[in-house]
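In what follows, a structure is listed as structure tokens, so that the remarks can point back to it.
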Protein chains: 2
Amino acid sequence: MGIKQRREREKQEVRQGILTAAREIARQEGWQSVTIRKVAERIEYSPPTIYEYFESKEDILVELLREGFRQMAAALKAVWKVTEDPEQRLLNMAEAYWNFAMSNPELYQVMNGLGGVSFDCLEKPPAARESFVTTQEALVGWAQARGVDIPDIEGAVEIIRSLVHGLISLSMVDRIHGGEPRAKELIHRAMCDMFAAWSTRQEE
Amino acid sequence: MGIKQRREREKQEVRQGILTAAREIARQEGWQSVTIRKVAERIEYSPPTIYEYFESKEDILVELLREGFRQMAAALKAVWKVTEDPEQRLLNMAEAYWNFAMSNPELYQVMNGLGGVSFDCLEKPPAARESFVTTQEALVGWAQARGVDIPDIEGAVEIIRSLVHGLISLSMVDRIHGGEPRAKELIHRAMCDMFAAWSTRQEE
DNA sequence: TTCTATTTTCTAACACTGTTCGACAAAATC
DNA sequence: GATTTTGTCGAACAGTGTTAGAAAATAGAA
């Protein structure tokens, strides 16, 4: 009776193959040239077969979006235990965010509607909220260690995220003078600036 | 001999009509559904006629990109004279940047590769550099008035720009908790945080 | 094994996209 | 009025996402 399970396993493999193929093409040639027919050719099936595994092309992108947010959340959690210093931890998280985007640009693009990708309905997967919460916890830890009070912590997290995302997305369209090494340096500097600002808050 | 000039004027009007039509469709239905045939129908010409005025569809987008950067640069310069206070001036510029993006989302998208737009070659028009320089001059003025030294001013400008752009682009895909009013508020707060950080630089 | 029944896969097509070619008409020049 | 230049369009090409129905492969029962 294990024949049914084998079949199920094979189906999952084909499904994963579609996702992988789409990612590879996007990475090599950009999302613009990710085509159902090209994906089909790469997995050695005919185009209609893809619709047995995904409702539409957009469905493939949505699945990769979820995958991206899962990996991102995992990457942020992974650097948590690297250090005990709350400030260094936040710096590491910003760097991890950057590293993820630069190592998986095709995922980052599909996650944030960059690189010619666009959804009718940009959904926010649970993992996205996870990343946010992880960052927030790190920031709370920092504030406690520093003995400062950050009113509206959620806002502070959004500011950090916007800053890093802004540098990444501008870097991706080559709009940062000095290229990627410079952008990475600027993230570090901006984070330190924010630390400085929030440390002196009680004096305002 | 004014007949040739009239003809030239009419051609410019048709050309402008194409640009306007593309913009309007993008604003109403998104760049995804901007189609040569739809643009043609709106200006009451046949599709091939468009190619008498633009080499390709991408050429239309590039022209709108340039137009966008020109308007942006003008908007930044326009708020320069609103106040003499250097800090308020920078706040006004950040708000003007935000206002421009929210008033002309279709232009902002085409300027930064958002909303499903993507170019083979993202060019940086002269007006883009202009905006950068204007912001830089405002920041230099602020530093002088405050009596602080900002090493690597260009980097500081890129940080400001990334922050504002990050908030805008996340806001456009509805990823800022609290929506647009909240995002606008966060820009103001982040700017003030940056002022605080750079004011206390000499103490580090 | 052989014969249904079911599931999986593909061929062919549809409506749409950006773009081009060659014919046609209008206008300008002589 | 005849001719050349200019402007415009119908039809078509190759490519896109997607679907319907036929063909093939596999499953279970005789």
Side-chain angles (χ1 to χ4, degrees), chain A residues 1-19 21-23 25-26 28-65 110 115-121, chain B residues 1-19 21-23 25-26 28-65 110 115-121:
Chain A
M1 191 46 98
I3 190 163
K4 206 128 190 179
Q5 301 170 5
R6 189 211 60 189
R7 204 63 198 81
E8 187 57 33
R9 198 174 55 232
E10 283 174 359
K11 282 191 77 166
Q12 286 303 323
E13 275 169 18
V14 173
R15 189 184 150 91
Q16 188 56 46
I18 294 172
L19 293 171
R23 256 189 86 172
I25 298 173
Q28 293 164 9
E29 315 170 31
W31 282 109
Q32 199 77 342
S33 64
V34 172
T35 276
I36 291 288
R37 284 174 174 80
K38 269 193 218 164
V39 172
E41 190 183 12
R42 195 173 277 236
I43 64 171
E44 294 175 308
Y45 277 90
S46 71
T49 301
I50 292 184
Y51 291 87
E52 303 293 326
Y53 298 87
F54 294 93
E55 263 197 14
S56 65
K57 181 184 176 183
E58 182 169 321
D59 248 40
I60 300 175
L61 302 196
V62 170
E63 187 56 51
L64 287 173
L65 174 144
V110 89
V117 182
S118 101
F119 296 110
D120 289 350
C121 159
Chain B
M1 193 43 100
I3 188 165
K4 205 126 191 182
Q5 302 170 4
R6 189 211 59 191
R7 206 61 199 84
E8 186 59 31
R9 198 174 55 233
E10 285 175 358
K11 283 192 75 167
Q12 286 302 322
E13 275 170 17
V14 173
R15 189 185 151 92
Q16 188 56 47
I18 294 172
L19 293 171
R23 256 189 86 172
I25 298 172
Q28 294 164 8
E29 314 171 30
W31 282 109
Q32 199 77 345
S33 64
V34 172
T35 277
I36 291 289
R37 284 174 174 81
K38 269 192 218 163
V39 172
E41 191 183 10
R42 194 173 277 237
I43 64 172
E44 293 174 309
Y45 277 90
S46 69
T49 301
I50 292 184
Y51 292 87
E52 303 292 326
Y53 297 87
F54 293 93
E55 263 198 15
S56 64
K57 182 184 178 183
E58 182 169 323
D59 248 39
I60 300 175
L61 302 197
V62 170
E63 187 57 51
L64 286 172
L65 175 144
V110 88
V117 182
S118 99
F119 295 109
D120 290 351
C121 159

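Here is how names work: the chains are called A, B, and so on, in the same order as the sequence lines, proteins then strands, and each is numbered from 1.
- Between the P atom of D/dG17 and the CD atom of B/Gln32 lies a distance of 11 Å, rounded to the nearest Å.
- When rounded to the nearest whole Å, the span between CZ of B/Phe54 and P of C/dT20 equals 15 Å.
- Residues passing the side chain to side chain contact (heavy atoms under 4.5 Å, CB included) test with B/Gln32 are A/Ser118, sequence neighbours excluded.
- Atom C1' of nucleotide D/dC9 and atom CD1 of B/Ile43 are separated by 13 Å, given to the nearest angstrom.
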### Task
Please step through side chain to side chain contact (heavy atoms under 4.5 Å, CB included) for the pair B/Trp31 and B/Ile25, ending with a clear verdict.
CA-CA 7 Å; B/Trp31 282 109; B/Ile25 298 172; over 6 Å; no
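- When the side chain to side chain donor-acceptor pair (under 3.5 Å) test is applied to A/Ser56, no partner is found at least two apart in sequence or on another chain.
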### Query
Using a cut-off of 4.0 Å between protein heavy atoms and nucleotide atoms, how would you tag nucleotides 8-19 of chain C 5' to 3' with B, S and -?
SBBB-B---BBB
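- B/Glu52 is linked by a side chain to side chain contact (heavy atoms under 4.5 Å, CB included) to nothing, counting only residues two or more places apart in sequence or in another chain.
- With sequence neighbours excluded, the residues forming a side chain to side chain contact (heavy atoms under 4.5 Å, CB included) with B/Gln12 are B/Glu8, B/Arg15, listed by chain and number.
- Helical stems in DNA chain D, defined as runs of 3 or more consecutive Watson-Crick or G-U wobble pairs with both donor-acceptor distances under 3.5 Å, are listed by first residue as C:1-24 with D:7-30, C:26-28 with D:3-5.
- Contacts of B/Glu10 classified as salt bridge (Lys or Arg N to Asp or Glu O under 4.0 Å), with partners at least two apart in sequence or in another chain: B/Arg6, B/Arg7.
- Judged as a side chain to side chain contact (heavy atoms under 4.5 Å, CB included), and not counting sequence neighbours, the contacts of A/Arg37 are A/Thr35, A/Pro47.
- A search for salt bridge (Lys or Arg N to Asp or Glu O under 4.0 Å) contacts involving A/Lys38 returns A/Glu29, not counting sequence neighbours.
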